[in-house]
Structure formats: C-alpha cells, structure tokens
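All remarks here apply to the structure that follows.
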Protein chains: 2
Amino acid sequence: MTDSRSAPDVPADFSLLRRSCEPCTLREFCVQAELRLDDVRRRGMFGRREPLARGARLFRPGDALAAVYVVRSGAIKTVVNTADGEDCVLGFHVPGELVGLDALASGRHECEAIALMDSQVCGIPYSGLAELTTGAPGLNRRLLGVFGGGAQCGQSHVQMLVRRQADERIAMFLLDLQQRYQRGGEERAQIVLPMSREDVARYLGLALETVSRGLSRLHDLRIIAVAGRQIEVLDPVQLAQLAGAPDPDHDQPLDRRA
Amino acid sequence: MTDSRSAPDVPADFSLLRRSCEPCTLREFCVQAELRLDDVRRRGMFGRREPLARGARLFRPGDALAAVYVVRSGAIKTVVNTADGEDCVLGFHVPGELVGLDALASGRHECEAIALMDSQVCGIPYSGLAELTTGAPGLNRRLLGVFGGGAQCGQSHVQMLVRRQADERIAMFLLDLQQRYQRGGEERAQIVLPMSREDVARYLGLALETVSRGLSRLHDLRIIAVAGRQIEVLDPVQLAQLAGAPDPDHDQPLDRRA
DNA sequence: CGATGTCTTGACGCTTCTCAACGATCGTGG
DNA sequence: CCACGATCGTTGAGAAGCGTCAAGACATCG
C-alpha cells in the first residue's frame, strides 16, 4: 500500500502501469488498450488497482462476474467451500497470473479469492474486455488462448493429485511454484511460500501433517532446505526426479526409512 | 456409422444438423452460422462429421489446434501421458460436450482424445470460430463463456480427488455422469458406462480394484445395482449423501464392514 | 509475559495399494 | 458347435502409506 494513492475513479498512470506490467499475462491487451486511450479513460478501464490486505476477499461465491483480475504483487488463493464443510484450495496465483476465470461459464463466481498477504491486483472489467477485442480477430484469438490457458491450470492440478504419493505431490508443487515465480525474472533457488502448510495440504489433497513431514524428509535428504516458509532448492535434479521426471533405467526410489 | 454417408467435403445437411444438435454446447453458434450460409459453405465449416471407431484417436499430444470438437454420439476420453509411464484420464466427454480445449493456450494439444466406442464428432475449425464472433460482442462473450466453462470442468474434477475417499469419489462420479447424460433428455436411473473400470480408476485416482470394490459395496448396500457396465441408481438420496450432499444433522456414515 | 497461531514430531489405526487367483464374456478359428 | 485365448471384472490377503489424535516447539503480537 505504498503507491496506491491514486483515487479509485482516476485513470491509471499508463507509463507506470506499463513499467510494472512486464510479466503480466494480459499485457498485450493493455498495450492494445492504449491505442484507444479515449475509450479507456471514458470507461475507467485498467484504473482500478485495488490494494488488498492479507485475508481480504477479492470476490465471494455467488458474486457476479464483474472483472477479471491480474495479480500485480502479493499472492491470492482461490478456495471452494464444499458441501461437507471442508473447503479445498483450487489454486494459488502469483504476480502476472489471472484470477476470476471460474465465473466465465455461469457469470457468477463459484469460488472465493482470498489474499494470502497484502496484495495488489489489476481489475479489468469483463464487459470492456469483450468489446475491446471485437473487430480484432487476432487479438480475439489471443484472448481465447489466454482465457483457455488460465482455466487450463486445473489440469496440471489434477495431475498432481492422481495416483501420486505425498512426496511426489510436494516435489511437483515446489517445482511448479518455483517456475511460476521465475516466469518474470531470473532463476532463483530460493522460494518464500506465501501460504500456510494447511493451504498447501488442501491444495495437494493431503493432511497438513503429511505436508510438514514431507518437507522435513526432503530437508533431511538434502534435496531442499526448509526454514519455515523459506525454502531453498539444493538438488533440482533429484527434486525433478521425485516429481516424475523420466528416468527409466536409474529407477532409484526414495529411501523412506530416513 | 449408419447415416454418415455424406462425403467429407460436402457441406452438411443443416436441417438434419439442427435436429440432432439440441443438447449441443455450441448450438447457438451453429444457428448463428446459418445466417452466414455462404461463408459457412465456402469454408466447409460444420460439415465435418468424422466417424470414429472405438479406440481411434481424435488428436494426439503435440498436434496443432485445428478444430474444437463437439461429441455427437458415443463417448470420448482425454488422456495425458505422464512422464513415468502411467497415463491419467483427464475427462470423459458425452454427446453435446466439447473436446479439444486443452490446446487453446499453447496452440498444441497436450493430451490425446480416444473414442471409447464408435462415435461421431462435429469438428469446428478454430480459425472460423474466432472470425465468426468478430463484430458480434454478445456472441463473443458467449463464446468466452462456453470455452471457459469447458475448461472449467477440471475444477470439479479436482474436487472429486481432494481429500475424498474411494466411495465418495465413485458416488460423485456416478452422479456427475448421470447428470451429464440427462442434460439433453429425460431423467433416467439407468446409466451405461462407456468406459472400463481401469479408465474410471485413472480418472478418480484410484486402483481399478478399489473402483470395483466400491461399486460392489454400493451394490450390496442397495444404493445402486451393478451389472457390468450397466448401473442403475436405486437410492439417489443416499448416493447424493455419500457424494457430499449437505446433511448436517443426519450424519450417518457408511457402514464399511459390510 | 502470556496468548495465539503456526509448524513439527510421535504413535496408532485404517483406507487403499499391491500381488494374486478366479470367473465372466466375447470373438476367433478349428 | 465347441474349444480356446483375450479382455474385462471380481474377490481375497497382506503390506504400506497416510490420516487422525495428541503433545510440544517456535514465533508473533498485544
């Protein structure tokens, strides 16, 4: 909440927006939007940078689809409340990624989006987005691709859950998160998890104790270094192997007695 | 393969198409398309009704995104080959549902689509679809919704897998499939599974023996009647309860000793 | 300094996986 | 027509991974 002092109904500073939008999934649409600056100003698109305190909700189940959001800083989790009280975590969204696509089909959000830490998101009104690409077939196709890709992440999630044991799931999770954090920057072995063990557990379909134990085991095996939510990848090769990387001959299962 | 004698490059019989397209997810786009009959004829859109023999592949991993498919008859499964040899089933697609949206993001298919029985699909060229909605904002928004919804199904899949035990997953699976078969028709207690126990298992993240045992248990409890792939729902209420329907007070767990 | 939330570690029981054998169904060929 | 193999489904026994319950360590904050 340092530089978000612009009034909510004042158009955004585009040069600032552009500078901080490099890893953004929707960047090309913003660039395109600048070409119609008048339209944008009139509709107030791209101006809404909402600061979210930790624990605040971006939307709730049942809310009408008003906008698609891009995470600018911080991290967001999407959670669905199941009938039996336990809610499961559908995804984590780091800077540059989309939130809110779950409402595309019905027009209403099925899940809720909660900030894992103080975060900033860029809300792009859905109506404006649909109109923006009208008359631009190439841009329209790109938008379909971006939306399809955003909704696609459920499939990689499924692959983490189906017939994989705890350590495999945890390894896949860490690699996936590391890769997504690196998308916009340089490669780093260090990850700082924005979510609790319980959130990880409900994302991976495990008990939180199992997640804790799994991380400890990977730590003892010198594959990663765990210090609370600070995690350093010490042996990327072995971590990838655990996550299911192809290694037909050298089939060396993890020593589980440790 | 009874009435598919139309040559592959001859435009489809629209009146026939319309009659059999009532449960179709993309129906409104077909109707819209009729308004531009010349365009459609010229491009050969909607004319490609490909008969698929059981076991035939609609597309393979790596194939370029050429078309989005709607299942007209039969059933299709989408499978992704994981690195470690085991492949997991991402979804089953029954008449009226979309196949092929996994390629929206990258432009290439990530998984393969295999016919579970002799099937017919309607292939709609992707390029034509994107152009079709150009200049029609409402239609464009609907297309985004349909695509988003199609890609959305991964999230309901995730909810079947996360922290649910075998019987719950099987109950959810049966109810979901029954509902989807009924989408275009009347309510029926009878389901004929188009897929093997192994396919169900790899969809639900279970061993095939566990699926078989689960079905047997539900059979013994008189909740369903199982005869091979013929399944009849005898007690929909209890089945829904098992699948996680809200029933706070009457919390009666399944007797597992039977 | 105590309270609270978060994470770790231990022990035990149970669901589920694995290995294995058997039965049913179907199509093929003699 | 029946034997035969192949595919598919069922059932059993044992082992193992994971969930549950429980206690304790650690950090943060009022």
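Each chain gets a letter, A, B and so on, in the order its sequence line appears, and its residues count up from 1. Quick caveat: nothing in here was measured; it's all calculated off a predicted structure.
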Taking [atom1] from [X] and [atom2] from [N], how many angstroms apart are they, rounded to a whole number?
{"X": "A/H219", "N": "C/dT9", "atom1": "NE2", "atom2": "C1'", "value": "14 Å"}
{"X": "B/R164", "N": "D/dG19", "atom1": "CZ", "atom2": "P", "value": "14 Å"}
{"X": "A/R229", "N": "C/dG5", "atom1": "CZ", "atom2": "C1'", "value": "10 Å"}
{"X": "B/R217", "N": "D/dG9", "atom1": "CZ", "atom2": "C1'", "value": "16 Å"}
{"X": "A/Q165", "N": "C/dT18", "atom1": "CD", "atom2": "C1'", "value": "12 Å"}
{"X": "A/I170", "N": "C/dT8", "atom1": "CD1", "atom2": "C1'", "value": "13 Å"}
{"X": "B/E168", "N": "C/dT15", "atom1": "CD", "atom2": "P", "value": "12 Å"}
{"X": "A/D167", "N": "D/dG17", "atom1": "CG", "atom2": "P", "value": "10 Å"}

For B/L206 and A/L215, find the nucleotide of DNA chain C closest to each by heavy atoms; which residue's nucleotide sits nearer the 5' end?
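The 5'-side residue here is A/L215.
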Side-chain ([X]) to main-chain ([Y]) donor-acceptor, under 3.5 angstrom:
{"X": "B/E97", "Y": "B/V94", "value": "yes"}
{"X": "A/R197", "Y": "A/G228", "value": "yes"}
{"X": "A/H157", "Y": "A/L90", "value": "yes"}
{"X": "A/H219", "Y": "A/V226", "value": "yes"}

Give one of base, sugar-phosphate or nothing for [X], where a contact means two heavy atoms less than 4.0 Å apart.
{"X": "A/G205", "answer": "sugar-phosphate"}
{"X": "B/R169", "answer": "nothing"}
{"X": "A/L208", "answer": "base"}

I'd like to know if the side chain of A/H109 pairs up with that of A/D63 as donor and acceptor (distance under 3.5 Å, no hydrogens or angles considered).
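No donor-acceptor contact under 3.5 Å links the two side chains.
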Would A/Q155 and B/E110 count as having a side-chain donor-acceptor pair, cut-off 3.5 Å?
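The answer is no; no qualifying pair exists.
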Is the shortest side-chain N to carboxylate O distance from A/D235 to A/R222 below 4.0 Å?
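No salt bridge links A/D235 with A/R222.
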Under a 4.0 Å N-O cut-off, is there an ion pair linking A/R57 with A/E112?
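Looking at A/R57 and A/E112, the cut-off is met.
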Which listed nucleotide (C/dT9, D/dC8, D/dT10) is nearest to the side chain of B/R54?
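Within the option list, the nearest is D/dC8.
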Could you check which of D/dC18, C/dC7, D/dG9 has an atom nearest any side-chain atom of A/A166?
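Nearest to the side chain of A/A166 among the choices is D/dC18.
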Where protein sits on nucleotides 20-25 of chain D, one letter per nucleotide: B base, S sugar-phosphate only, - none, heavy atoms under 4.0 Å
BBB---
Could you check which residues of residues 190-202 of chain A get a heavy atom under 4.0 Å from DNA chain D? Sort them by number, please.
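Nucleic-acid contacts, sorted: none.
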Got a second to check how far A/Q159's CD is from B/T82's OG1, nearest 0.5 Å?
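The CD atom of A/Q159 sits 7.0 Å away from the OG1 atom of B/T82.
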OP1 or OP2 of C/dT9 sitting under 4.0 Å from any side-chain N/O of A/S212?
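So the side chain of A/S212 is outside the cut-off, no N or O lying under 4.0 Å from OP1 or OP2 of C/dT9.
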According to the interplanar angle, ranging from 0 to 90°, do the rings of B/Y203 and B/F173 count as parallel (below 30°), tilted (30 to 60°) or perpendicular (above 60°)?
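Because their plane-to-plane angle lies in the 30° to 60° range, the rings of B/Y203 and B/F173 count as tilted.
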